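Everything on this sheet refers to the single structure shown next.
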Amino acid sequence: MTSHDTPHDVAQLTSQQRIKAIIGASSGNLVEWFDFYIYSFCALYFSHAFFPSGNPTTQLLQTAGIFAAGFLMRPVGGWLFGRIADKYGRRQSMMISVLMMCGGSLMIAVMPTYDTIGAFAPFLLLVARLFQGLSVGGEYGTSATYMSEVSESGKRGFFASFQYVTLIGGQLLALLVLVVLQQLLTLEELRAWGWRIPFVFGALAALVSLNLRKSLTETTTASERKDKDAGSLRGLLKHKRAFITVLGFTAGGSLVFYTFTTYMQKYLVNTAGMDTKTASAVMTCALLVYMILQPVFGALSDRIGRRTSMLFFGGLATLCVLPIMHALKDISSPYAAFGLIIIALAIISFYTSISGLIKAEMFPVEVRALGVGLSYAVANAMFGGSAEYVALQFKAWHVEEYFYWYVTIMCLISFIVAIRMPDPSRSGLLK
C-alpha cells in the first residue's frame, strides 16, 4: 500500500490507538484458538454424550466431522474471509469470523445429547465444528493482514508477533480453564454437564472481542475495495510467485510448529516413556516461554530484516530438528526435555513471530487478506494439520526416524524458498 493510498485516519493514528487496534484484532484470535482447542481438550468428557460406543454410524460421523472441520473447512475459510476482507473491509471480516466462532461455541454449549435427540446430536455437533473450522480458517489471514497494516513502520515485526502470542495464549487458556474445572468438579460432574462451561465461556469471550472489533479503524479505502481484482482468485493469480513462496515456507513452518507444540506431548509419552502429567507440565511451561518469545523475535526481525529471520529459521531448523528429536527420544529428565524443546521453539520463533507479517508484505492491498489467508490455510491443512497423523503412522511402521527426516526436508525447502525470496524490506508491498 503506497503512502498516498493509506487511509487518512490510519496514517494519523497515535501509538496508543495502534496498540488498541492490535488488542482488538488479536483478542479475536485468542478467542478463536481457545474455542478450537477447548473442543479437543474436553472431548474426553463429552464424546460419550454424542457418540455412544454401540453405534458405528455415529462413530463414522464423528471421524468424518473431525476431518471435515479440521482440514476441509480451513482453506474454504481462508478463501471466504480473505475475499470478504479485501472486498468489504478487514473490520467487517473480523467481526463476522468471531461472531461465527461465538455461534459454534454457543451451539455446542446448549446442544442436546444423543439420549435426547438421537443421531441428530452428532450431526449438530458436526455443523457446529464446520462453523468453527470455517471461522478459524478465515481468522488468521484477516487478523494477520490487519495487524500488519495498522502497525507502525519500523515496529511491524514487534506488533505483528502478537498474533502468535494470542494463538498460543488461546491454547494455554483452554488448558488453564480445563485444569480449574478438574479441580472444582468431580469426574461425574464433568461428564454430565461440566464440559459445557468452557464453551459458554468461549461464546461470552467472543462477544467481548466482537465489541472490541466494532470500534476498529478500517485500513483499506473504498477505492481499494472497489478494485475489480479485490478479493478475487483472478487477482490473486497475478501474484503466483508470492503465493508459491508463501506455500513453500508455510509448509515447513507449520509442520515444525505442530511437531513441537501439538504432537510433542504425545511424543514425550509414547516414545520417550514420560509420565502423562509430567509431559503435560513440561509442555505447558514450554508453551508459556514460547509465547513470551514471540515479541522478542518480532522486534529482532525489525532490526535484522524479515528475510534474515526466515533464513535463520530455515537454516537452524534444517540442522537441529534431527538431533533434537533423537535426543528427546531417549530422554528421562523433564528439565532436559524442557531445555531441548525451548531450543526448538526458539528456532521456530524466527518464523512464527513474523509469520503473518511476511506474508502480508508479499501481496498488494486488493488481494492481501485473500493471499495471506488462503496460502496459509492450504499449507497448514496439508502439512501442519497432518503432522501428528504422519508421525504416528511412521511409528506404527517402526520407522519413526523417517518422520524426523520428513520434518528436516520440509524445513530445508523453507530455507531454499527464503534464499530465493525477494527481501520485503526492499521490495515489500506493505509501505
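Keep in mind it's a predicted model, so treat the numbers as computed, not measured.
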Side-chain contact, heavy-atom cut-off 4.5 Å: Tyr45 with Leu187? yes
(Q) Using a 3.5 Å distance criterion without hydrogens, assess whether the side chain of Glu224 forms a donor-acceptor pair with backbone atoms of Glu366. (A) no
Within the 4.5 Å heavy-atom criterion, are Leu184 and Glu189 side-chain neighbours or not? no
Requested in this report: Could you check whether the rings of Phe120 and Phe123 sit parallel, tilted or perpendicular, using 30° and 60° as the cut-offs?
Outcome: perpendicular
The reported gap from CZ in Phe313 to CD1 in Ile347 (rounded to nearest 0.5 angstrom) is 9.5 Å
Only residue of Tyr351, Tyr164, Phe350 satisfying ring-ring contact (aromatic ring centres under 6.0 Å, His included) with Phe297 is Phe350
- Evaluate the criterion side chain to side chain donor-acceptor pair (under 3.5 Å) for residue pair Ser26 and Gln163; output intermediate values, then yes/no. CA-CA 6 Å; Ser26 59; Gln163 180 167 35; over 6 Å; no
With a 4.5 Å heavy-atom cut-off, do Val165 and Pro295 have their side chains touching?
-> yes
Side-chain donor/acceptor pairs under 3.5 Å, residues 414-424, sequence neighbours excluded:
unit_1	atom_1	unit_2	atom_2	d
Ser414	OG	Phe249	O	3.4
Ser414	OG	Met410	O	3.3
Asp423	OD1	Ser425	N	3.1
Asp423	OD1	Ser425	OG	3.0
Asp423	OD2	Ser425	OG	3.2

ask   = Do you see a donor-acceptor pair shorter than 3.5 Å between the side chains of Ser209 and Ser27?
value = yes
Here the gap from Ile168 atom CD1 to Trp33 atom CH2, rounded to the nearest 0.5 Å, amounts to 11.0 Å
Checklist entry - Just wondering, are more than 12 heavy atoms of other shown residues or ligands nearer than 6.0 Å to OH in Tyr88? => result no
Salt bridge or not for Arg368 and Glu149, using N-O below 4.0 Å?
yes
Is it possible for you to check whether Arg129 lies under 6.0 Å from the centre of the six-membered ring of Tyr39, through NZ or CZ, and within 45° of that ring's axis?
yes
Tyr140 meets the side-chain hydrogen bond (donor to acceptor under 3.5 Å, both in side chains) criterion, sequence neighbours left out, with Ser355, Lys359
With Phe363 as partner, the option from Thr145, Leu370, Val246 fulfilling side-chain contact (heavy atoms from CB on, under 4.5 Å) is Val246
Report task. For residues Thr261 and Ile348, determine if any side-chain heavy atom of one lies less than 4.5 Å from a side-chain heavy atom of the other. Result -> no
Heavy-atom side-chain contact between Thr284 and Val179 under 4.5 Å: no
Between Ser151 and Phe159, the two heavy atoms sitting closest are OG-CB, 3.2 Å
Looking only at heavy atoms, the pair that brings Gly157 and Asp302 closest together is N-OD1, 2.8 Å
**Request:** Could you tell me how the ring of Trp195 sits relative to the ring of Phe199: parallel (under 30°), tilted (30 to 60°) or perpendicular (over 60°)?
**Result:** perpendicular
Check: Leu216 and Met95 side chains under 4.5 Å, non-hydrogen atoms: no
| message | Does Arg306 form a side chain to side chain donor-acceptor pair (under 3.5 Å) with Ser301? I'd like the steps, not just the answer. | response | CA-CA 5 Å; Arg306 243 69 79 192; Ser301 82; 3.1 Å; yes
Would you call Arg234 and Asp229 a salt bridge, taking side-chain N to carboxylate O under 4.0 Å as the test? yes
Exercise for the section: Please check if atom OH in Tyr263 has more than 12 non-hydrogen atoms from other residues, nucleotides or ligands closer than 6.0 Å. Expected result: yes
Distance-only donor-acceptor hits, side chain of residues 96-108, under 3.5 Å, sequence neighbours excluded:
unit_1	atom_1	unit_2	atom_2	d
Ser97	OG	Glu32	OE2	3.3
Ser97	OG	Met94	O	3.3
Ser97	OG	Glu139	OE1	2.8
Ser105	OG	Asp35	OD1	3.3
Ser105	OG	Asp35	OD2	2.9
Ser105	OG	Gln132	NE2	3.2

Check whether Arg90 reaches the backbone of Ala85 with its side chain - one donor and one acceptor, N or O, closer than 3.5 Å.
yes
Scanning both residues in full, the closest heavy-atom pair of Phe81 with Leu134 reads CE1-O, 3.7 Å
For residues 215-246, the ring-ring contact (aromatic ring centres under 6.0 Å, His included) pairs (sequence neighbours left out) are none
For Leu374 and Pro75 the tightest heavy-atom approach is CD1-O, 3.5 Å
**Prompt:** Between Thr352 and Tyr290, is any side-chain donor less than 3.5 angstrom from a side-chain acceptor?
**Reply:** yes
| said: Working note: Val289 + Leu345, criterion side chain to side chain contact (heavy atoms under 4.5 Å, CB included); need CA distance, chi angles, decisive distance, verdict. | reply: CA-CA 9 Å; Val289 174; Leu345 292 175; over 6 Å; no
The reported gap from CG in Leu247 to OH in Tyr376 (rounded to nearest 0.5 angstrom) is 13.0 Å
So OG1 of Thr166 and CG of Leu173: to nearest 0.5 Å the spacing works out to 11.5 Å
- prompt: Is the count of non-hydrogen atoms from other residues, nucleotides or ligands lying under 6.0 Å from Phe312 atom CZ greater than 12?
  reply: no
- Do side-chain atoms of Arg225 reach the backbone of Asp86 as a donor and acceptor pair under 3.5 angstrom? no
- Can you tell me if Arg196 uses its side chain to pair, donor with acceptor, with the backbone of Met111 under 3.5 Å? yes
Residues passing the salt bridge (Lys or Arg N to Asp or Glu O under 4.0 Å) test with Lys155, sequence neighbours excluded, are none
field: Stepwise side chain to side chain donor-acceptor pair (under 3.5 Å) check, Glu361 with Ser148
entry: CA-CA 8 Å; Glu361 288 177 325; Ser148 302; over 6 Å; no
Those residues at least two apart in sequence (or on a different chain) that pass salt bridge (Lys or Arg N to Asp or Glu O under 4.0 Å) with Glu388 are Lys266
Interatomic distance, CD@Gln17 vs OG@Ser215, rounded to 0.5 Å, equals 10.5 Å
Close side-chain approach of Thr259 to Leu255, heavy-atom, < 4.5 Å: yes
message: Angle between ring planes, Phe162 versus Phe158, binned at 30° and 60°: parallel, tilted or perpendicular?
response: perpendicular
Just wondering, are more than 12 heavy atoms of other shown residues or ligands nearer than 6.0 Å to CH2 in Trp405?
no
Original post:
Would Arg307 and Leu311 satisfy side chain to side chain contact (heavy atoms under 4.5 Å, CB included), going step by step from the backbone distance to the final call?
Top reply: CA-CA 6 Å; Arg307 185 169 171 270; Leu311 288 168; 4.0 Å; yes
d(Met283 CE, Leu172 CG) to nearest 0.5 Å is 9.5 Å
Heavy atoms, side chains only, cut-off 4.5 Å: are Phe257 and Leu167 in contact?
yes
Note: Gly371 and Leu236 closest approach over all heavy atoms is CA-CD1, 3.5 Å
Checklist entry - Would Leu13 and Val150 count as a side chain to side chain contact (heavy atoms under 4.5 Å, CB included) if you check the C-alpha gap in whole Å, the side-chain angles of each, and the deciding distance to 0.1 Å? => result CA-CA 9 Å; Leu13 287 178; Val150 87; 3.8 Å; yes
